[in-house]
Amino acid sequence: MKVTRQDVHAAANRIAGRVRRTPLLPPSDADAVWIKCEFLQHCGVFKTRGAFNRQLAALEAGEVGRSGIVVASGGNAGLAQAYVARELGITATVFVPEGAPEVKVSRIRGYGADVRHVGLEYADAYRAATEFADQSGAVFAHAYDQLEVAAGAGTIGEEILEDEPSIDTIVLAVGGGGLYAGVAAAAFGRARVVAVEPERCATLHQAMAAGRPVNVEVSGVAADSLGARRVGEAAFAAQAAEPPVSVLVTDDDIISARSALWNDYRIAAEYGAAAAYAALLSGHYVPEDGERVAVVICGANTDPATLP
C-alpha cells in the first residue's frame with residue numbers, strides 16, 4: 001500500500017472546511033526552524049485529518065451501517081475517530097489498552113463513543129477491534145495503516161510546502177507511520193523527511209534495517225502515542241520509494257524537548273509530539289548551513305499538571 005500525492009490531494013478536497021489549517025510558525029531570531037502547529041487541530045492531534053477522510057470515504061461508498069465505525073487506539077486515534085463520528089452522526093466504538101491515559105479516554109467518552117479496555121498495549125486492542133468489526137459489521141478505521149488515514153495526515157505536508165515552498169526538510173515523529181507515509185507522499189521529490197522515533201519503540205528504524213516490517217518491543221514515555229508494535233505497510237512502502245533520514249531519540253531527549261516546548265513557546269505537547277523536536281534539540285539531527293527545516297508538533301493531549 002503506497003500513498004501518493006494524488007491521494008493526499010483527494011483527501012485535502014474531501015476534508016476541506018472540516019479540519020483546521022494549522023499555522024506554520026516562522027523562525028524568530030533565536031529559532032532555527034519553522035514549527036507546524038498541528039497541536040491546534042480539532043482534538044489536539046493530527047489524526048483528525050485522517051479520521052475525517054476515512055469516515056467520509058466510507059460514507060461515500062455506502063459502507064457505514066448501524067454499527068458505525070470501530071478503531072483500536074492508544075488514545076489519539078480514538079479521540080479523532082470519536083470526534084469525527086460525532087460530527088458525522090456515526091456510532092463509534094473505541095478499543096484502548098488498559099494503560100491508555102485517562103486524559104484521552106475521558107475525552108473519547110465525552111465525544112459519545114463506547115470505550116472498551118482490552119489488554120496491556122495497542123496490539124491487544126487492535127485484535128479486539130478487528131474481531132468486533134468482523135462480528136458486528138462495523139467499518140474498521142485503522143489508527144495509522146490505511147490509505148485514507150495516511151493520506152489525510154499527508155495534508156499537513158501539503159500545507160507546510162504551500163505556506164513555505166522553500167522548506168528543505170520536514171521533521172516528524174513516527175509510531176506506526178501513518179503521518180510519515182502521508183507527509184512523505186506530499187513531500188516526494190520536493191523536501192526530505194526526517195523520521196524520528198523513540199529508541200524504545202523504533203518500528204520504522206528496525207524495519208529499514210531488517211528490510212521488512214518486524215515486531216518491536218514497546219515501552220518508554222511516548223508509548224501511548226508512538227507505541228505501535230510494528231510499522232505499517234504504508235510507511236514501509238514510503239521508505240522504499242524515498243528513504244527518510246531515520247533518527248532515534250531517548251526518553252530523556254523527549255522529556256527535555258517537551259519541557260523546552262513549554263518553557264520557550266508555551267506549547268503543551270504530549271511526549272510523542274515532542275519526539276520530533278527532540279531530534280533537533282538533542283543534536284541527533286543537525287541541519288546543514290542554510291537548510292530550511294520545519295518540525296511538526298502533532299499532538300497536545302497531555303495532562304497540564306505534568307508540565308514543568
*Using the six-membered ring of Trp262, assess whether NZ or CZ of Arg266 lies under 6.0 Å from its centre and within 45 degrees of the ring axis.*
yes

*asked:* Show every ring-ring contact (aromatic ring centres under 6.0 Å, His included) that has at least one partner inside residues 214-259, sequence neighbours left out.
replied: none

*If only atom types and distance count, is the side chain of Arg116 paired as donor or acceptor with the main-chain N or O of Ala129 below 3.5 Å?*
no

*So do Asn263 and Pro308 actually touch side chain to side chain, heavy atoms under 4.5 Å?*
yes

_If only side-chain N and O atoms count, and only distance matters, is there a donor-acceptor pair under 3.5 Å linking Glu270 with Asn76?_
yes

*asked:* For the residue pair Asn53 / Arg14, report whether a side-chain donor-acceptor contact shorter than 3.5 Å exists.
replied: yes

*asked:* Please tell me whether Arg18 and Thr48 have a donor and an acceptor in their side chains that are separated by less than 3.5 angstrom.
replied: no

*Atom CZ in Arg5, atom CG in Asp7: separation rounded to 0.5 Å?*
12.5 Å

*Heavy-atom pair with the smallest gap, counting every atom of Ser73 and Gly78*: OG-N, 2.9 Å

*Distance only, no hydrogens: is a donor on one side chain within 3.5 Å (strictly under) of an acceptor on the other, for Thr22 and Glu38?*
yes

*Search all heavy atoms of Pro287 against all heavy atoms of Leu280 and return the closest pair with its distance.*
CG-CD2, 4.0 Å

*For Asp163 and Arg21, run salt bridge (Lys or Arg N to Asp or Glu O under 4.0 Å): C-alpha distance rounded to whole Å, both residues' side-chain angles, the deciding distance at 0.1 Å, then the answer.*
CA-CA 10 Å; Asp163 289 348; Arg21 187 183 181 103; 2.9 Å; yes

*Is any side-chain heavy atom of Val196 less than 4.5 Å from a side-chain heavy atom of Val171?*
yes

*Taking the side chain as C-beta and beyond, is there a heavy-atom pair between Cys37 and Ile297 under 4.5 Å?*
no

*Distance in Å, Glu121 CD paired with Glu217 CD, rounded so as to fall on 0.5 Å steps*: 8.0 Å

*Determine, using the 4.5 Å side-chain heavy-atom cutoff (strictly less than), whether Val249 and Val245 are members of one ILVMFWY cluster.*
yes

*asked:* Tell me whether Thr203 contacts the main-chain N or O of Gly175 through its side chain, where contact means a donor paired with an acceptor under 3.5 Å.
replied: yes

*For residues 237-253, pull every pair meeting side-chain hydrogen bond (donor to acceptor under 3.5 Å, both in side chains), keeping only residues two or more places apart or in separate chains.*
Arg200-Asp251, His205-Ser246, Thr250-Asp253, Asp253-His284

*Mind listing the closest non-hydrogen atom pair of Val174 and Ala195 along with its distance?*
CG2-CB, 3.6 Å

*Which atoms form the tightest heavy-atom contact between Ala257 and Ala274, and what is the distance?*
CB-O, 3.6 Å

*asked:* Looking at Lys47 and Ala143, would you say the former's side chain and the latter's main chain have a donor-acceptor pair under 3.5 Å?
replied: yes

*If you draw a 6.0 Å radius around CG in Leu40, do more than 12 non-hydrogen atoms from other residues or ligands fall strictly inside?*
yes

*Between Ser166 and Arg292, is any side-chain donor less than 3.5 angstrom from a side-chain acceptor?*
yes

*Closest non-hydrogen atom pair, Ala269 against Leu261*: CB-CD1, 3.9 Å

*Under the ring-ring contact (aromatic ring centres under 6.0 Å, His included) criterion, do Tyr122 and Phe95 qualify, and how do the steps go?*
CA-CA 9 Å; Tyr122 168 77; Phe95 286 82; over 10 Å; no

*asked:* Can you confirm whether Glu288 is buried at CD, in the sense that more than 12 heavy atoms of other residues, nucleotides or ligands lie under 6.0 Å from that atom?
replied: no

*Quick one: CG on Leu172 to SG on Cys298, what's the gap to the nearest 0.5 Å?*
8.0 Å

*Note, Pro244 side chain near Leu204 side chain (heavy atom, < 4.5 Å)*: yes

*May I ask you to decide if Ala186's main-chain N or O and Arg190's side chain share a donor-acceptor pair within less than 3.5 Å?*
yes

*asked:* Any heavy-atom pair between the side chains of Val216 and Arg230 that's under 4.5 Å?
replied: no

_For Tyr285 and Tyr277, I'd like to know if the aromatic rings sit close, meaning centre-to-centre distance below 6.0 Å._
no

*Who else is in the cluster with Val149 when I, L, V, M, F, W and Y are joined by side-chain contacts under 4.5 Å?*
none

*Could you state the interatomic distance from CG (Asp168) to CG (Leu161), rounded to the nearest 0.5 Å?*
10.0 Å

_Shared hydrophobic cluster, Tyr126 / Val118 (ILVMFWY, side-chain heavy atoms < 4.5 Å)_ = yes

_Intermediate values then yes/no, side chain to side chain contact (heavy atoms under 4.5 Å, CB included), Arg109 and Lys104_ = CA-CA 9 Å; Arg109 288 199 180 97; Lys104 298 182 182 182; over 6 Å; no

*If every non-hydrogen atom of Ala173 is compared with every non-hydrogen atom of Gly272, which pair is closest and at what distance?*
CB-O, 3.6 Å

_salt bridge (Lys or Arg N to Asp or Glu O under 4.0 Å) assessment of Lys36 paired with Glu159_ = CA-CA 9 Å; Lys36 178 61 169 171; Glu159 290 180 6; 2.7 Å; yes

*asked:* Please list all pairs meeting side-chain hydrogen bond (donor to acceptor under 3.5 Å, both in side chains) that have one or both residues in residues 61-72, counting only residues at least two apart or in different chains.
replied: none

*Look at the side-chain heavy atoms of Ile, Leu, Val, Met, Phe, Trp and Tyr, link any pair under 4.5 Å apart, and say whether Met208 and Leu226 land in one connected group.*
no

*May I have all residue pairs that pass side-chain hydrogen bond (donor to acceptor under 3.5 Å, both in side chains) and include part of residues 130-145, sequence neighbours excluded?*
none

*Kindly determine whether Phe46 and Ile156 satisfy side chain to side chain contact (heavy atoms under 4.5 Å, CB included), including the steps that lead there.*
CA-CA 8 Å; Phe46 77 94; Ile156 294 171; 3.5 Å; yes

*asked:* Given 3.5 Å as the limit, does a donor-acceptor pair link the side chain of Asn301 with the main chain of Cys43, or not?
replied: yes

*Under a 4.5 Å cut-off applied to non-hydrogen side-chain atoms, are Val193 and Tyr180 in contact?*
yes

*Any chance you could pull the hydrophobic cluster mates of Val71, using side-chain heavy atoms under 4.5 angstrom and chaining through other members?*
Ile15, Val19, Phe52, Leu56, Leu59, Val64, Ile69, Leu79, Tyr83, Val84, Leu88, Ile90, Val94, Val96, Val105, Ile108, Tyr111, Val115, Val139

*If you round to the nearest 0.5 Å, how far is CG of Leu147 from CE of Met1?*
6.5 Å

*Please answer whether the main-chain N or O of Asn215 pairs with a side-chain N or O of Gln206 as donor and acceptor at a distance below 3.5 Å.*
no

_Nearest 0.5 angstrom please: Ile167 CD1 to Leu24 CG, how far?_
6.0 Å

*Would you say the side chain of Trp34 lies within less than 4.5 Å of the side chain of Leu25, judging by non-hydrogen atoms?*
no

*Is the closest side-chain donor-acceptor distance between Asp303 and Thr306 under 3.5 Å?*
no

*Residue pair His9 / Glu158, side-chain heavy-atom distance below 4.5 Å*: yes

